[in-house]
Amino acid sequence: LYPGANILAITKKDFSKNNRRKFLAKITTGDWDAVIISHSSFGFIKPDADFEMNLLDSEIAGILEAIEDAKRDEGKKATVKQLEKMREKLQNRVAALRDKPMDDLLDFAQLGVDQLFVDEAHLFKNLMFSTKMQNVRGLGDPKGSQRALDLFIKAQQLYNKNGNGQGVVFATGTPVSNSLAEMYHMMRYLQPQELKDAGLWNFDAWA
C-alpha cells in the first residue's frame, strides 16, 4: 500500500537477548515511518523508570483513598483486604524499580516514538484497578496483568510527551467481550484526561 514508506519490521529472532541492544539502537537512529513489533517483543522495552515510578505512586495514592472509603463502609473487610494487597503489590514494584541496577538498554522514551498503534488491543484490557464492589459478575481481576500495566504506562508516557492527549490508537474487533467494565479500561487507555476532567477516573465513580 505504501511502497515509498521506510518501515522496519522486527522479528522475534531480531529481538532475542543477544540482538535486542542492536535493534533498539536501530529503531532510535533510523528515520522510520513505522516500526512493526510483536506484543511479546514490545514488552521487553522498558518504560522510562522515573515516569513509571511517578505514575505508580499516583496509582498507590488512589488505592489508599479507596481503602479509606471502604473502611468507612460497614461489612467491607474483604474489599479492604483486596485493596491492601493491590497497594502492597504496587509498593513492592516501586521499591524494586528504585533499588534495581538499571541496564544500559534504551527505554521507551529514548526510542523517539510519536504514535503507538496497538493491534488486537483487547489482549491488554486486563488492566489493574481498584473498586469497593464485591461479588459483581464480570469485573475481572482487579490485580490486572503485567502486560496491560506495561502498555498503560507507555501510553501515558506518549500523552505526556505529546501534551495534547494524542498518540495512541487501538484496533480490535472486541473492545468489550465479557462486561462493560472492559469499556472503562479502554477509556483509561484512550481518554484518561477526559475521565479525570469528568471526575470519573475511579472505577466506582465511572460505574
Side-chain angles (χ1 to χ4, degrees), residues 7-8 10 15 20-21 23-63 86 89-130 143-172 175 184-198 200-203:
I7 296 175
L8 175 65
I10 297 179
F15 228 69
R20 204 173 298 155
R21 186 188 308 276
F23 273 87
L24 285 175
K26 193 171 184 178
I27 292 172
T28 305
T29 57
D31 184 19
W32 309 106
D33 295 310
V35 176
I36 301 173
I37 188 170
S38 69
H39 290 165
S40 58
S41 295
F42 182 72
F44 283 115
I45 301 172
K46 62 186 181 183
D48 173 80
D50 289 337
F51 184 90
E52 182 174 11
M53 284 189 287
N54 289 336
L55 187 143
L56 292 179
D57 280 339
S58 176
E59 291 295 313
I60 289 170
I63 292 173
M86 288 177 60
K89 180 181 176 182
L90 271 177
Q91 287 175 331
N92 289 340
R93 180 171 170 79
V94 171
L97 280 170
R98 288 177 174 145
D99 293 341
K100 74 178 181 181
M102 301 301 293
D103 58 39
D104 58 354
L105 291 178
L106 297 170
D107 64 40
F108 184 66
Q110 294 170 317
L111 296 183
V113 176
D114 302 303
Q115 187 93 3
L116 185 62
F117 295 84
V118 184
D119 196 16
E120 305 294 347
H122 55 273
L123 298 175
F124 296 88
K125 64 189 176 186
N126 188 20
L127 190 58
M128 175 200 67
F129 69 105
S130 59
K143 296 190 295 293
S145 70
Q146 175 59 36
R147 175 169 61 180
L149 180 60
D150 176 73
L151 177 61
F152 179 72
I153 293 168
K154 291 169 182 173
Q156 304 313 303
Q157 273 190 237
L158 272 182
Y159 292 139
N160 187 62
K161 172 186 175 182
N162 293 337
N164 55 8
Q166 303 296 315
V168 182
V169 175
F170 274 15
T172 172
Y184 167 69
H185 301 313
M186 290 293 170
M187 294 176 72
R188 286 176 70 199
Y189 278 117
L190 300 173
Q191 298 176 289
Q193 195 56 51
E194 286 84 348
L195 285 178
K196 291 173 183 176
D197 289 346
L200 302 177
W201 184 248
N202 178 274
F203 176 76

Backbone N or O of [Y] within a donor-acceptor pair of the [X] side chain at under 3.5 Å?
X	Y	result
H39	D119	yes
Y189	A148	yes
S58	N54	no
T29	A25	yes
K154	L116	no
W201	E194	no

For this session: Kindly check if the number of other-residue, nucleotide or ligand heavy atoms within 6.0 Å of CZ (F44) is above 12?
Result: no
Are any of the side-chain heavy atoms of [X] and [Y] separated by less than 4.5 Å?
X	Y	value
I27	F23	no
I10	I36	no
S130	N202	yes
L158	F108	yes
L151	F42	yes
T172	P175	yes
Q110	T28	no
F51	I153	yes

Looking only at the aromatic ring of each residue, does the gap between the centers of F152 and H185 stay below 6.0 angstrom? no
| request: Answer yes when K161 and D114 have at least one side-chain N-carboxylate O distance shorter than 4.0 Å, and no when they do not. | output: yes
Notebook entry, point to check: Is the closest basic N to carboxylate O distance between K125 and E120 below 4.0 Å?
Noted result: no
d(L24 CG, K46 NZ) to nearest 0.5 Å is 9.5 Å
One should read off an interatomic distance between Q191 CD and K196 NZ, to the nearest 0.5 angstrom, of 13.0 Å
- Item | Check against ring-ring contact (aromatic ring centres under 6.0 Å, His included), F170 and H122 | CA-CA 9 Å; F170 274 15; H122 55 273; over 10 Å; no
| task | Under the side chain to side chain contact (heavy atoms under 4.5 Å, CB included) rule, what do I45 and F15 come out as? Steps first, then yes or no, please. | result | CA-CA 10 Å; I45 301 172; F15 228 69; 3.8 Å; yes
Exercise for the section: Would you please test N160 and Q156 for side-chain hydrogen bond (donor to acceptor under 3.5 Å, both in side chains) and show each step? Expected result: CA-CA 6 Å; N160 187 62; Q156 304 313 303; over 6 Å; no
Q: Might you work through the side chain to side chain contact (heavy atoms under 4.5 Å, CB included) test for E52 and Q157, ending with a clear yes or no?
A: CA-CA 9 Å; E52 182 174 11; Q157 273 190 237; 5.9 Å; no
Exercise for review: Could you walk me through whether L111 and L106 pass the side chain to side chain contact (heavy atoms under 4.5 Å, CB included) test, one step at a time?
Suggested key: CA-CA 7 Å; L111 296 183; L106 297 170; 4.1 Å; yes
Notebook entry, point to check: Would R188 count as a cation-pi partner of F129, with NZ or CZ less than 6.0 Å from the six-membered ring centre and within 45° of the ring normal?
Noted result: no
